[in-house]
Amino acid sequence: MSKKKLLLIDGNSVAFRAFFAMYQQLDKFKNPEGLHTNAIYAFKNMLDVVMKQEEPTHILVAFDAGKTTFRTAMYQEYKGGRDKTPAELSEQLPYLREMLKDMGIKSYELANYEADDIIGTMAKEGAEAGYEVAVVSGDKDLTQLASDHVTVYVTKSGVTKLEAFTPEHMKEVNGVTPTEFIDMKALMGDPSDNYPGVAKVGPKTASKLIQEYGSVEELYEHVDEMKKSKLKENLIAGKDNALLGKKLATIKCDSPVELSLDDLKYDGSNVDDLRRFYEKMNFRRFLADLAQKGELTENKTEVKKQDYTVLSLDNLDQLPKAAEVTFYLGMFGDNYHLADFTGFAFKIGDATFVSRDVFLLQESPLKEMLEDPEVQKNVFDLKRTSYGLYRLGIKAEALSFDLLLASYLIDNEKNSNDLGELVQGYDYYDLKTDLEVYGKGKNAKIPEDDAVFFNHLAGKTSAIAALKQTMLEQLKDHEQDDLFDSIELPTARVLAKMEMNGIKVQPSRLKELENDFAVRLKDLEDKIYREAGEEFNLNSPKQLGVILFEKLGLPVIKKTKTGYSTSVEVLNQLKEKSPVVSDILEYRQISKIQSTYVKGLLDVIDEQDGRIHTRYLQTLTATGRLSSVDPNLQNIPTRTEEGKQIRKAFVPSDPDGYIYSCDYSQIELRVLAHVSADPNMQEAFKTGYDIHAHTAMRIFHLNSVDEVTPLQRRRAKAVNFGIVYGISDYGLSKNLDISRKQAKEFIEEYFDQYPGIQAYMDRAVKEAREKGYAETIMHRRRYLPDIHAKNFNVRSFAERTAINSPIQGSAADIMKIAMINMQKKLDELGLKTKMVVQVHDELIFDVPKEELETVKQIVPAVMQSAVQLDVPLVADAGWGHDWYEAK
DNA sequence: AATATCACG
DNA sequence: ACGTACGTGATATTA
């Protein structure tokens with residue numbers, strides 16, 4: 001017989017975590033009676049993960065019985081001052097227990113004791129009876145139970161990720177054993193349980209003390225022998241607190257639990273009860289799982305069969321006419337500029353039509369329908385679809401609903417480029433993912449079996465049609481209909497055009513660079529080998545680390561998780577110590593340009609038209625920016641002269657034409673000035689000051705901008721950047737290489753000078769906490785569940801994000817509006833000028849000679865008038881016969 | 001497939 | 001006391 005395994009779950013704490021893990025879904029997870037269900041749902045997800053991983057034979061979920069326990073008797077303030085459990089959570093707890101019952105899982109509570117004590121008692125009993133024990137909790141208090149046969153899992157970011165605390169892991173994390181962890185807690189106190197511990201003792205000090213003395217009692221035996229220090233005074237003053245803390249922190253492993261291990265035996269769910277429960281809770285996902293398990297033996301992930309007609313030249317005339325159709329164009333692989341077509345599907349009313357032969361699309365009446373502006377098409381990925389059709393010689397019109405874009409706006413975390421995966425997030429399970437149907441990696445292929453492939457294609461159109469209304473309603477609820485119709489959809493059309501345009505690249509210029517760089521790299525390589533005294537792989541940070549820090553004995557400044565860090569930051573500090581370091585830096589820089597840009601770009605020039613066609617990803621970033629891939633044209637070098645040379649290869653279509661570039665000046669700070677309504681910053685922009693100099697003048701108390709020194713301006717600039725990122729004194733001090741104290745002073749002075757900025761930052765965090773998301777000026781959302789995290793770092797990150805996202809995201813909104821207006825203007829004026837690249841705050845145009853003057857007139861004007869803010873938008877332009885000159 | 005590094009706004 | 005700047009993509013090495 002296999003080993004017995006006991007699973008013990010801290011019901012309250014996991015439910016609490018589960019609730020906040022899905023806090024942003026609070027309104028979505030409601031059953032028809034209005035009961036919130038998010039915590040139950042997430043709890044069940046956690047259970048699935050743990051049950052699968054642990055395969056327990058026995059299970060118990062322990063709950064707290066009430067507010068008063070033997071601990072409150074000992075110390076009245078215990079767990080005092082806590083926020084009340086949200087009503088939306090407490091209403092779920094009885095139902096959670098009902099679900100556990102239906103699942104055949106015992107739950108239990110005990111008057112006067114906490115769930116911790118029940119778990120401690122049963123864990124001890126289990127371990128003694130020879131069970132393997134797994135404990136799951138949402139906080140670390142229970143980790144003191146870890147032992148050879150007891151593993152304590154604590155939920156991490158969400159509830160389905162668990163961190164396993166074994167005695168070894170405890171030692172790594174805290175430096176002490178699980179039992180010593182109690183003593184550590186006794187010294188530190190626990191703010192969330194509301195007991196104090198010893199003043200000024202945090203984890204670091206507590207761990208050190210316990211490692212030295214072994215326990216609180218032992219520590220106080222020897223406290224008099226310690227040499228005089230503030231710490232000693234604090235320890236003596238806090239003795240009572242420490243001893244009390246130890247009593248409170250110790251889990252009682254002999255509480256009067258009236259349960260035997262046999263009571264906890266797990267025999268599986270009562271499927272009928274569970275189904276009824278899921279129906280009551282409206283858990284369609286779990287119902288679908290149950291249904292699947294029912295027919296476990298055959299085809300366990302089979303989806304609904306689609307009805308469809310296979311199209312051919314002979315039956316095209318059967319196609320009904322309609323004002324609205326759903327269309328899916330199949331391509332194999334992500335890069336739709338080059339991907340092979342696999343087939344297509346139309347859904348018109350209830351009828352679906354499919355084919356593998358995409359050339360049918362060029363036939364009547366399909367082509368006419370696709371090009372008819374009166375026939376609305378619903379698609380998944382407008383840009384990909386319209387690019388694909390363009391490759392087939394079809395100019396698609398009226399692609400008016402894009403499920404991919406809608407889903408990105410509704411919740412970019414839940415979004416996916418795979419339709420099958422995406423729709424699961426909307427409780428639609430009748431479509432497999434491409435991965436399931438095609439397979440992955442080099443084994444991926446389109447199924448030969450028509451029944452399988454057509455069912456998948458047809459299923460996609462069904463999914464799009466089925467979810468359209470729901471998605472539109474959600475967009476409306478979010479006040480995002482305008483963002484969807486007037487920004488994202490038109491942006492997709494503009495981007496499709498830009499991708500089709502591409503930008504012309506002169507390979508000969510790259511080839512010249514390739515030769516020059518090859519020579520320089522060879523020389524540097526030889527020199528470095530001589531200086532190092534041996535040959536090694538310069539591109540390997542690992543081998544380089546050995547040479548620098550072991551052979552040459554340079555001081556180790558920073559480590560990575562795998563070894564020594566050899567990043568620029570580190571190497572810059574080592575420059576003085578050894579001449580080889582500068583050569584390595586130079587080698588690194590050139591080698592980067594050579595491999596990523598010179599060789600990389602040469603590989604992706606389209607042989608047909610001599611141009612580079614990037615793809616813009618419109619539904620990827622968390623903030624609403626675009627990203628650019630295959631190749632990335634948004635990170636072409638500009639900061640070093642060698643790097644800039646790359647830009648000489650980007651040229652206009654006509655030999656005598658121009659590359660014209662126009663970028664927003666300080667758009668993010670202007671957005672900040674607008675959303676914060678800070679009068680001083682708005683004043684600076686309205687007057688047209690150099691903003692960084694203006695900031696320097698204010699924070700360094702100068703009388704005029706003319707007195708600002710270059711160093712002061714540089715520092716002010718860094719502060720301005722820092723503000724946009726959600727500043728910290730540490731980050732600023734590192735960036736400017738100044739002391740943390742000084743950085744802190746700069747920041748304080750900044751907030752004094754621009755009081756509206758601090759108010760904005762506080763407001764941004766507060767609103768994110770209340771709403772669960774941050775929002776741009778155009779109502780683009782970013783959900784921030786971590787804003788409620790208990791972990792300081794996780795929470796702080798979410799807070800900085802709450803500050804930064806509206807700024808970066810609003811700037812992205814503005815740029816998208818500018819691009820739409822720009823394309824419209826180019827079309828209206830019938831210009832040959834093409835918009836070819838976007839780099840976040842900059843647009844690049846390919847301009848025929850005779851249109852340069854017109855472009856100079858319209859481009860900055862269109863960009864500056866994209867939206868009306870409380871401060872002016874300014875765009876600066878440059879032009880020349882290649883991208884290098886256009887500055 | 002993960003990690004380190006470095007290119008951009 | 002905690003340990004940090006915000007957002008991306010490509011390359012080479014190593015596992």
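Residue numbers begin at 1 in each chain, while the letters A, B, ... track the order of the sequences. FYI, side chains are in, hydrogens and waters are out, and symmetry mates aren't considered; it's all heavy atoms of this structure.
- Residue A:Tyr730 is the one, among A:His840 and A:Tyr730, whose nearest nucleotide of DNA chain C lies closer to the 5' end (criterion: closest heavy atom).
- Using a 4.0 Å heavy-atom criterion, one finds that A:Asp630 contacts the sugar-phosphate atoms exclusively.
- Between A:Lys816 and A:Glu488, at least one side-chain N (NZ, or NE/NH1/NH2) sits under 4.0 Å from a carboxylate O, which counts as a salt bridge.
- What separates NZ of A:Lys559 from P of B:dA4 is a distance of 12 Å, to the nearest Å.
- Of all nucleotides in DNA chain C, those with any atom nearer than 4.0 Å to a heavy atom of chain A start and finish, going 5' to 3', at C:dC2 to C:dA15.
- Residue A:Gln634 contributes atom CD, which lies 13 Å from atom P of B:dC8 at whole-angstrom precision.
- A:Ala812 comes within 4.0 angstrom of no nucleic acid atom, judged by non-hydrogen atoms across all strands.
- In terms of the side-chain hydrogen bond (donor to acceptor under 3.5 Å, both in side chains) criterion, residue partners of A:Lys648 (sequence neighbours excluded) are, by chain and number, A:Gln645.
- For the pair A:Arg639 and B:dC8, the criterion of a side-chain N or O lying under 4.0 Å from OP1 or OP2 is met.
- If you take atom P in B:dA7 and the same atom in C:dG3, they sit 29 Å apart, rounded to whole Å.
- The residue among A:Val201 and A:Pro541 whose nearest nucleotide of DNA chain C is located toward the 5' end is A:Val201.
- One C1' atom belongs to C:dC2, the other to B:dC6, and the distance between them is 29 Å to the nearest Å.
- Of the charged side-chain nitrogens involved, none lies within less than 4.0 Å of a carboxylate oxygen, so that A:Glu775 and A:Arg782 do not count as a salt-bridged pair.
- Remark: C1' of B:dC6 and CD1 of A:Ile584 are 16 Å apart, rounded to the nearest angstrom.
- Between the C1' atom of B:dG9 and the CG atom of A:Asn720 lies a distance of 16 Å, rounded to the nearest Å.
- Ion pairing between a basic and an acidic side chain is recognised when a charged N comes within 4.0 Å of a carboxylate O; A:Arg17 and A:Asp139 show no such pairing.
- Taking atom OH of residue A:Tyr564 and atom P of nucleotide B:dT5, one finds them 13 Å apart after rounding to whole Å.
- Base pairing analysis places C:dA1 opposite nothing; no Watson-Crick or G-U wobble pair with both distances below 3.5 Å involves it.
- We find that A:Asp729 and A:Lys741 are not joined by a salt bridge, their nearest charged nitrogen and carboxylate oxygen being 4.0 Å or further apart.
- Of all the heavy atoms in A:Ser627 and A:Leu620, the pair that sits closest is OG-CD2, 4.3 Å.
- Between the C1' atom of B:dA7 and the NZ atom of A:Lys599 lies a distance of 17 Å, rounded to the nearest Å.
- The pair A:Asp786-A:Arg795 does not meet the salt-bridge criterion, since no charged nitrogen lies less than 4.0 angstrom from a carboxylate oxygen.
- If you take CD of A:Glu586 and P of B:dC6, they are 14 Å apart, rounded to a whole angstrom.
- With rounding to whole Å, A:Leu538 atom CG is found 19 Å from B:dA4 atom P.
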